[in-house]
Amino acid sequence: MKVSILIDNRPSDNPVLVSEHGFSALATTNENRRILVDTGLSGRAFDNASALGIDMQNIDYLILSHGHKDHTGGLERFVTINKNAKIIAHSAIQNFDYQSNRGGKWHSLSPDQDIIRKNFDRFIFIDDNYPIDNNIIIVKNKTTIHPRPLGNRYLYLISNSEALPYPASDEISLCINHDGRLTIISPCSHNGLLNIADECCNIMKTNNIAAFIGGLHLLDGEGDNIEKLSSTIIKKYPQMRLYTGHCTGNEACNMLANGLGAHFNVFKTGDTIKI
Ligand SMILES: [Fe+2]
Ligand SMILES: [Fe+2]
């Protein structure tokens, strides 16, 4: 199977492709199922898709990994380009008012509720795991034994004018079992890589993770125990290769590269990951 990174924070070497603070990736399975994960911030992911010769009409599902705007902002563009794909998201994205105060300034990360309402009939809103088939499951994390990234501390939900810490309860991941090995796509991993990996392994009844693809929200490793994270990955998931980008800062990437060696990879806009 392969995963094409349509847009990411890290720019491509190809000057035609644009990058932005956002994530969108297309997974193509061995059975030729095509599942888009997230839409980026602006919809420019689909200009990149067209420049890369990737057809956006023939998509089976769009998964919105969580409500944050850098993952849902391209939804309006997507529904004008693609008229058929069902859109899977946690039901909470309809209600949450997402905010960030990173850098000391409050700003909204909420999705465009108008676009969600206008395309309501295309949505499958879920509250728990959702199997697309026996080998492709949208996973709602319930594991909480490992730490979550400390970068979550800048994220909030506003309820009755009160700022509540972002619980990441709207976060879902795509888990694909191919030949007995798992590929997990988890664009921001606000629940923590190890919690998400454990949850996917419990559901799929195997510990053989081939690839974990996504941002880890480690920002610049601001106090996160990245040495422990790396050593636990190596111990629990020795076959796993980590492909990270988006909200994993450069400093965190350096620490992960030290800990994971050949198991560590950074992706950027326009990359194709073959697993
Ligand atoms: Fe993000
Ligand atoms: Fe996020």
Side-chain angles (χ1 to χ4, degrees), residues 3 5-11 18-27 36-45 48 62-75 78 88-103 105-113 116 138-141 147-158 163-174 184-193 195-196 212-222 224 242-253 256 266-269 271:
V3 177
I5 308 293
L6 301 185
I7 207 157
D8 184 63
N9 298 44
R10 289 175 172 81
V18 289
S19 58
E20 66 185 12
H21 174 70
F23 178 90
S24 175
L26 177 65
L36 180 67
V37 183
D38 293 343
T39 61
L41 177 68
S42 67
R44 284 179 291 183
N48 288 347
L62 162 63
I63 316 292
L64 295 176
S65 66
H66 60 307
H68 285 156
K69 204 155 60 178
D70 49 324
H71 302 264
T72 56
L75 183 58
F78 178 77
I88 302 176
H90 193 280
S91 61
I93 75 158
Q94 300 167 91
N95 312 316
F96 282 175
D97 177 5
Y98 301 84
Q99 298 279 330
S100 164
N101 70 354
R102 194 163 178 222
K105 225 176 113 193
W106 287 91
H107 55 277
S108 171
L109 295 177
S110 290
D112 185 336
Q113 294 297 343
I116 294 175
I138 313 302
V139 175
K140 161 80 175 84
N141 181 61
R148 290 176 170 200
L150 294 176
N152 286 354
R153 68 183 177 276
Y154 300 114
L155 301 169
Y156 293 88
L157 300 178
I158 307 300
L164 308 171
Y166 172 52
S169 51
D170 60 326
E171 189 176 57
I172 54 179
S173 313
L174 172 62
I184 299 166
I185 304 181
S186 172
C188 266
S189 307
H190 290 294
N191 279 278
L193 177 155
N195 290 321
I196 295 164
F212 190 104
I213 300 171
L216 302 181
H217 216 72
L218 294 170
L219 308 179
D220 275 315
E222 300 157 345
D224 293 286
L242 172 66
Y243 297 85
T244 194
H246 184 46
C247 49
T248 309
N250 290 335
E251 189 55 37
C253 281
L256 286 163
V266 175
F267 59 72
K268 57 186 189 312
T269 303
D271 283 356

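The figures that follow rest on heavy atoms only: side chains count, while hydrogens, waters and symmetry mates do not. Whatever order the structure lists ligands and atoms in, that order sets their numbers, starting from 1. No experiment lies behind these values; they were computed from the predicted model shown. FYI, the numbering just counts along the sequence from 1.
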For the student: nearest non-hydrogen atoms of Ser110 and Tyr98, plus distance | OG-N, 2.8 Å

Correct closest heavy-atom pair for Arg148 and Ala168 would be NH1-CB, 4.0 Å

Should the pair Phe23 and His246 be assigned to parallel (<30°), tilted (30 to 60°) or perpendicular (>60°) ring geometry?
-> tilted

How many degrees, to 10°, between His246 NE2 and Asp70 OD2 as seen from the Fe ion (ligand 1)?
-> 90°

Hey, mind stepping through His190 and His66 against ring-ring contact (aromatic ring centres under 6.0 Å, His included) and telling me if it holds?
-> CA-CA 9 Å; His190 290 294; His66 60 307; 4.9 Å; yes

Is Cys247 close enough to the Fe ion (ligand 1) to have an N, O or S atom under 2.8 Å?
-> no

Has His68 got an N, O or S atom lying less than 2.8 Å from the Fe ion (ligand 1)?
-> no

Using only heavy-atom distances, determine whether the side chains of Asp8 and Thr269 contain a donor-acceptor pair under 3.5 Å.
-> no

Name whichever N, O or S atom of His190 ends up nearest to the Fe ion (ligand 2).
-> NE2

Answer yes or no for His217: is there an N/O/S atom below the 2.8 Å cut-off from the Fe ion (ligand 2)?
-> no

